[in-house]
Amino acid sequence: MNMISYPMDTPASTCLRAKAAQVALEHVMKALTPSSVIGIGTGATVEVFIQLLKHSGATFSHCVSSSKRSSAALAAAGINELPIDQCDRVDFYVDGIDEGLSNGTTVKGGGAALAREKVLATLAMSFITIADSGRLKESLGEFPLPIEVLPAAELAVLRALQSLGGNPIRRKNCVTDNGNLIIDCAGLDLSDSTATELSLNSIPGVVENGIFSRRKADFMAFSDESGVEWFCRN
Ligand code: 5RP
């Protein structure tokens, strides 16, 4: 596999991300076939993965993207993409995370793409996450939970989240690719993450929330200055 060499002035965060992304790519390459479909998440980390994929020489069918942002990054890299609404199969889904536990539970949505990300992660045979080790946690909840909400339901959902003990704030200047808004909610109890994921989605007007507990990651790579730690469930 070809390795990318980064210029000397590359930000340290990019180099750190690249280490985890490289391990994720090697994991994917072990089972990649010419008919494989690769799902692509959203954010700075997965954009590093896109660059590595571009230079890997990997042979696969196509990618499917979770956002306009990632579609633009795939197009810039010259990687073939099929629109998400034509996608009924994903072999590998690769994405960044905002927080994660070693059991595969994650919180996502910092890039406002959580709804499409969850569709692709749930569809995928294998869900692979990449992050720096600061995002590996003992418990979830430090990162305010992103929740995608119908614009018409903003006030109703804010009130419902407050009644659950949360401190919700509408994200400024943010419209999702689905035309919705994002509420970031601190203060929720995420100790039973599956129950909270389900109960938040039962609030009328909530489109999706950023807890990925029912669909846990299968392979997680976390990088720091000394190397990459990874967890594999399957
Ligand atoms: C987007 C996400 C991202 O994967 C998450 O926010 C991490 O982003 P980055 O790689 O830019 O730190 O969930 O909705």
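Just so you know, ligand 1 is whichever comes first in the structure, and atom 1 is the first atom listed for that ligand.
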Check your understanding: Can K118 and E197 be counted as an ion pair, charged N to O under 4.0 angstrom?
Key -> yes
Point to revise | Structural part of D95 in contact with ligand 1, heavy atom criterion under 4.0 angstrom | key: side chain
Review point. When you check the side-chain N and O atoms of T33 and S36, is any donor under 3.5 Å from an acceptor?
Key: yes
**Study point:** Atoms in ligand 1 with a heavy atom of G96 nearer than 4.0 Å
**Key:** 4 (O)
Practice item. Could you check if a side-chain atom of I147 sits within less than 4.5 angstrom of a side-chain atom of I203, using non-hydrogen atoms only? Key: no
Point to revise | For D98, atoms of ligand 1 separated by under 4.0 Å from a heavy atom | key: 5 (C), 6 (O), 7 (C), 13 (O)
Point to revise | Ligand-residue contact atoms, ligand 1 with G43, heavy atoms, under 4.0 Å | key: 10 (O), 11 (O)
Exercise for review: Can you sort out which atoms of ligand 1 are near T42, meaning under 4.0 Å from one of its heavy atoms?
Suggested key: 1 (C), 2 (C), 3 (C), 4 (O)
**Study point:** Check: Q51/E47 side-chain N/O donor and acceptor closer than 3.5 Å
**Key:** no
Review point. Under 6.0 Å from the CG atom of N173, do we count more than 12 heavy atoms belonging to anything else shown?
Key: no
Review point. Side chain or backbone of A112 under 4.0 Å from ligand 1, or both, or neither, by non-hydrogen atoms?
Key: backbone
Review point. Should we say atom CZ of R233 is surrounded by more than 12 heavy atoms from elsewhere, each under 6.0 Å from it?
Key: yes
Check your understanding: With a 3.5 Å cut-off and no angle check, do the side chains of E229 and S133 form a donor-acceptor pair?
Key -> no
Review point. What's the verdict on side chain to side chain contact (heavy atoms under 4.5 Å, CB included) for L136 and F231, showing C-alpha distance, side-chain angles and the deciding distance?
Key: CA-CA 11 Å; L136 174 60; F231 301 93; 3.8 Å; yes
Check your understanding: With atoms numbered from 1 as shown, which atoms in ligand 1 lie under 4.0 angstrom from a non-hydrogen atom of G111?
Key -> 1 (C), 2 (C), 6 (O), 14 (O)
Exercise for review: Check the surroundings of atom CD in E142: do more than 12 heavy atoms from other residues, nucleotides or ligands lie under 6.0 Å from it?
Suggested key: no
Practice item. Around atom 11 (O) of ligand 1, find the nearest protein heavy atom and jot down its residue, atom name and distance. Key: A44 N, 2.8 Å
**Study point:** Proximity winner for atom 14 (O) of ligand 1, if only heavy atoms of K108, K118, E99, E117 are counted
**Key:** E117
Study note, to complete from the structure: One finds that the ligand 1 atoms under 4.0 Å from a non-hydrogen atom of T45 are 9 (P), 10 (O), 12 (O)
Check your understanding: Going by heavy atoms, is R135 under 4.0 Å from ligand 1?
Key -> yes
Practice item. May I ask you to list the atoms of ligand 1 that are less than 4.0 angstrom from any heavy atom of A113? Key: 14 (O)
Point to revise | Contact check, G109 vs ligand 1, heavy-atom distance below 4.0 Å | key: yes
Exercise for review: Hey, can you tell me if Y93 and F127 have their rings parallel, tilted or perpendicular (30° and 60° cut-offs)?
Suggested key: tilted
Review point. Is there a nitrogen or oxygen of G110 sitting under 3.5 Å from a nitrogen or oxygen of ligand 1?
Key: yes
Check your understanding: Polar-atom distance check: R69 versus ligand 1, any N or O pair below 3.5 Å?
Key -> no
Review point. Any nitrogen or oxygen of V46, main chain or side chain, under 3.5 Å from a nitrogen or oxygen of ligand 1?
Key: no
